[in-house]
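I have placed the structure first, in the form of structure tokens, so that the comments after it can refer back to it.
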Amino acid sequence: MSQEVRQEFYDRLSPYSMTPLWEVLSGLVPPEPRPKAVPYLWKYADVRPLLLESGALLTAEEAERRVLVLENPSYPGETRTTASLYAGIQLILPGEVAPAHRHTPSALRFLLEGEQGFTAVGGERTIMRAGDFIITPAWAWHDHGNEGDGPVVWLDGLDIPMLGFYESVFMEGHNDQRQGIARPEGDSLARFGEGLMPIDGDEAHRYGQNSPIFNYPYERTREALVTAAKGEDPDPHLATTLRYSNPVDGGWAMPTMSTWMTRIKGGQETTPIRSTDSMVMAVAEGEGSVTIGDATFSFTPKDVVAVPGWQWRSIQASSDCFLFFFSDRVVHEKLGFFREERQAV
Ligand code: GTQ
């Protein structure tokens with residue numbers, strides 16, 4: 001049958017809101033994923049002056065959240081960094097408050113700059129320092145502030161595109177700028193982050209499905225990686241990588257975003273690996289380059305990189321590197337479609 005005759009048939013389908021699968025099947029269910037997002041690197045040297053400029057345009061309170069979104073070039077106007085992940089760079093100036101609110105998307109923070117920023121999450125406050133990884137669970141009240149005398153800057157990671165897909169984004173403002181504080185600072189880390197656990201009660205779920213350790217201090221993560229690296233040859237694909245875990249069940253620290261940190265010694269290089277999850281990488285320390293598919297980017301501290309799914313990726317470290325990652329891997333695993341391939345060494 002000629003394409004013309006077929007087309008005439010298709011035209012008669014469309015008034016009924018129907019369409020023939022066979023015309024689109026190979027794109028709909030391809031032999032392997034074809035991510036729409038592109039690999040991209042945001043240089044902190046470019047981001048920082050623009051972010052500080054935004055600080056003169058409006059206050060954190062006016063903005064509610066003063067953030068420059070790291071928007072993937074393949075998704076103009078869509079406020080997403082990969083297909084499923086949102087990343088942005090948030091600024092709080094001395095004395096400012098980002099007022100309390102809560103929302104169904106989960107958020108994580110990875111601190112880039114500043115020593116006196118704090119966030120309050122679900123009734124507990126924590127100071128945030130460079131390299132710390134902090135969790136804001138879905139529907140937990142959170143407000144941020146800065147009690148120092150310099151800017152506080154961090155990377156925000158949210159699952160907004162995932163919840164957008166499910167049309168399940170809700171948010172609510174608090175009546176007060178700052179939420180009430182119910183526990184002393186450090187309570188969650190003390191109870192859950194020392195290889196100890198409360199002997200009784202249900203506090204383990206104070207942050208819902210998230211790890212009750214809501215701030216993983218960089219100092220400890222870094223030391224763990226340095227010590228672990230002493231006792232092993234680095235894995236060819238992963239170097240020395242430890243994931244942030246929920247001590248209650250040993251799983252990922254958050255229900256919708258996986259997080260981990262990789263340490264690569266200067267002069268080393270990883271062998272290409274690819275996996276279905278898309279990710280965002282932030283440089284805590286070190287310099288080197290990252291290759292993602294056909295693209296290679298040089299990085300220095302505080303740079304952020306978008307890594308689309310199913311692209312061969314490898315890292316070349318010119319100095320000792322500590323690299324933070326978040327990804328949608330936990331969702332792929334839970335739903336049963338996570339896949340990974342490693343190139344032979
Ligand atoms: O800090 O609560 O980058 O609500 C985007 C939305 C940060 C936050 C973002 C948010 C926040």
Side-chain angles (χ1 to χ4, degrees), residues 42 44 47-48 50-52 54-55 57-72 75 77-82 84-93 96-114 116-129 132-147 151-179 207-208 210 214-215 254 256-257 259 279-282 302 304 306 324 326-328:
W42 289 268
Y44 195 61
V47 172
R48 189 177 191 277
L50 292 165
L51 189 66
L52 291 178
S54 78
L57 286 182
L58 76 178
T59 63
E61 199 186 325
E62 278 177 297
E64 177 129 358
R65 295 296 184 263
R66 191 172 47 221
V67 176
L68 296 181
V69 179
L70 305 181
E71 193 169 74
N72 195 282
Y75 290 104
E78 287 198 45
T79 336
R80 65 178 84 197
T81 311
T82 71
S84 62
L85 301 171
Y86 160 106
I89 309 279
Q90 181 158 176
L91 168 68
I92 309 269
L93 289 169
E96 286 189 331
V97 176
H101 72 194
R102 61 180 178 178
H103 36 69
T104 50
S106 301
L108 63 85
R109 329 280 169 193
F110 183 72
L111 261 288
L112 298 175
E113 183 179 333
Q116 290 290 322
F118 71 86
T119 185
V121 180
E124 187 172 328
R125 233 184 82 140
T126 186
I127 292 284
M128 306 188 284
R129 299 196 173 86
D132 292 357
F133 156 56
I134 291 121
I135 298 172
T136 305
W139 212 242
W141 293 113
H142 53 287
D143 47 283
H144 318 301
N146 177 356
E147 294 177 337
V152 170
V153 180
W154 65 79
L155 171 70
D156 279 325
L158 286 93
D159 53 11
I160 292 174
M162 285 187 226
L163 273 79
F165 178 78
Y166 293 109
E167 299 181 322
S168 298
V169 177
F170 294 80
M171 88 83 76
E172 187 179 16
H174 200 282
N175 291 329
D176 303 312
Q177 283 226 324
R178 295 190 183 187
Q179 66 181 287
Y207 289 117
N210 296 268
F214 78 111
N215 183 354
M254 300 178 72
T256 56
M257 291 184 284
T259 50
M279 45 187 94
V280 174
M281 176 184 110
K302 304 181 175 42
V304 179
F324 173 81
F326 70 93
S327 108
D328 57 4

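Both counts, for ligands and for their atoms, begin at 1 and track the order of listing. Just so it is clear, the values below take in all heavy atoms, side chains as well, and ignore hydrogens, waters and symmetry mates.
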Original post:
Which is closest to atom 1 (O) of ligand 1 by heavy-atom distance: Arg109, His142, Arg66?
Top reply: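 Looking at heavy atoms only, Arg109 sits closest to atom 1 (O) of ligand 1.
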
Original post:
Taking the minimum heavy-atom distance to atom 8 (C) of ligand 1, which of Met171, Arg65, His103 ranks first?
Top reply: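 When every heavy atom of Met171, Arg65, His103 is considered, Arg65 comes closest to atom 8 (C) of ligand 1.
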
Could you tell me, atom by atom, which parts of ligand 1 come under 4.0 Å of a heavy atom of [X]?
X      : answer
Val67  : 3 (O)
His101 : 2 (O), 4 (O), 8 (C)
Gln90  : 1 (O), 7 (C)
His144 : 1 (O), 8 (C)

Subject >> Within reach of ligand 1, part of Val69 (heavy-atom separation under 4.0 Å) >> reply: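 The answer is neither.
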
**OP:** Classify the angle between the aromatic ring planes of His103 and His142 as parallel (below 30°), tilted (30 to 60°) or perpendicular (above 60°).
**Re:** perpendicular

**OP:** For the pair Phe324 and Phe133, name the ring-plane relationship: parallel under 30°, tilted 30 to 60°, perpendicular over 60°.
**Re:** tilted

**OP:** Could you grab the distance from atom OG1 of Thr126 to atom CD1 of Ile134, nearest 0.5 Å is fine?
**Re:**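 One finds 6.0 Å between OG1 of Thr126 and CD1 of Ile134.
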
Short side-chain to backbone donor-acceptor contact, [X] and [Y], under 3.5 Å:
X      : Y      : answer
Arg65  : Pro99  : yes
Glu71  : Thr79  : yes
His101 : Met171 : no
Arg66  : Leu58  : yes

What protein heavy atom sits nearest [atom], and how far off is it?
atom                   : answer
atom 6 (C) of ligand 1 : Leu158 CD2, 4.0 Å
atom 7 (C) of ligand 1 : Asp156 OD2, 3.2 Å
atom 5 (C) of ligand 1 : Tyr86 OH, 3.4 Å

